[in-house]
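Notes for the one structure printed next.
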Amino acid sequence: MKRLGVVSHLIGGRKLIVKGSESMSFCNIKDLPRKGSAVLDKKVAKIGKVSDIIGPTAHPYVVVKIFSDVPDSKIKSWIREKVYVK
């Protein structure tokens, strides 16, 4: 399990924007998470999958599409929390 970054905000109700961790800065393409990779919270529960990587290469952001079985009430609790990629 590798730290993906910190959840910045929620867009469209079911997508999270994650500010990439410092280890992602100026990294090789092979070091970035792949689209479709599972994203986990601090309790190691699957919350979604990597949908896209956007922004500058120095400080990338990751778009995470939240799984449909995750309750809406839980989504807001992830803002400003660390998330991980498997």
Side-chain angles (χ1 to χ4, degrees):
M1 194 165 73
K2 182 176 163 183
R3 188 165 72 137
L4 183 61
V6 177
V7 176
S8 173
H9 57 279
L10 175 68
I11 58 170
R14 301 295 297 177
K15 289 186 180 178
L16 298 172
I17 300 296
V18 177
K19 183 176 182 182
S21 69
E22 294 298 320
S23 64
M24 288 176 57
S25 299
F26 296 108
C27 65
N28 293 328
I29 299 277
K30 65 179 182 168
D31 295 330
L32 293 173
R34 291 184 175 190
K35 286 185 181 182
S37 297
V39 178
L40 309 127
D41 65 6
K42 64 184 174 186
K43 296 179 182 175
V44 195
K46 289 185 180 180
I47 62 172
K49 64 182 180 178
V50 174
S51 173
D52 206 358
I53 300 171
I54 58 175
T57 56
H59 302 286
Y61 287 82
V62 180
V63 180
V64 176
K65 185 176 180 188
I66 300 167
F67 291 134
S68 60
D69 62 343
V70 174
D72 291 339
S73 60
K74 192 162 185 152
I75 295 172
K76 290 185 181 180
S77 70
W78 293 320
I79 296 175
R80 291 185 290 283
E81 292 291 327
K82 292 177 186 172
V83 291
Y84 304 86
V85 68
K86 191 171 183 181

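Scope of the values below: all heavy atoms of this structure, side chains included, with no hydrogens, waters or symmetry mates.
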Residue pair Trp78, Val64: steps toward the side chain to side chain contact (heavy atoms under 4.5 Å, CB included) verdict
CA-CA 12 Å; Trp78 293 320; Val64 176; over 6 Å; no
_Does Val63 form a side chain to side chain contact (heavy atoms under 4.5 Å, CB included) with Ile17? I'd like the steps, not just the answer._
CA-CA 5 Å; Val63 180; Ile17 300 296; 3.8 Å; yes
Solution key, residues 32-40 side-chain donor-acceptor pairs under 3.5 Å, sequence neighbours excluded:
from, atom 1, to, atom 2, distance (Å)
Ser37, OG, Arg34, N, 3.4
Ser37, OG, Arg34, O, 2.7

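Under the side chain to side chain contact (heavy atoms under 4.5 Å, CB included) rule, Ile75 has a single partner from Leu16, Ile47, Val7, which is Leu16.
Here salt bridge (charged side-chain N to carboxylate O under 4.0 Å, His left out) pairs that include residues 54-69, with residues two or more places apart or in two chains, number zero.
Under the 4.5 Å side-chain heavy-atom criterion for grouping Ile, Leu, Val, Met, Phe, Trp and Tyr, Val85 is not connected to Met1 through any hydrophobic cluster. There is a path of hydrophobic side-chain contacts, each under 4.5 Å, that joins Val18 to Leu10.
Using a distance-only test at 3.5 Å, with no hydrogens or angles considered, a donor-acceptor pair links the side chain of Arg14 to the main chain of Phe67.
By the 4.5 Å heavy-atom criterion applied to side chains, Val83 and Glu81 are not counted as neighbours.
The NZ atom of Lys19 lies 7.0 Å from the NE2 atom of His59; values are rounded to the nearest 0.5 Å.
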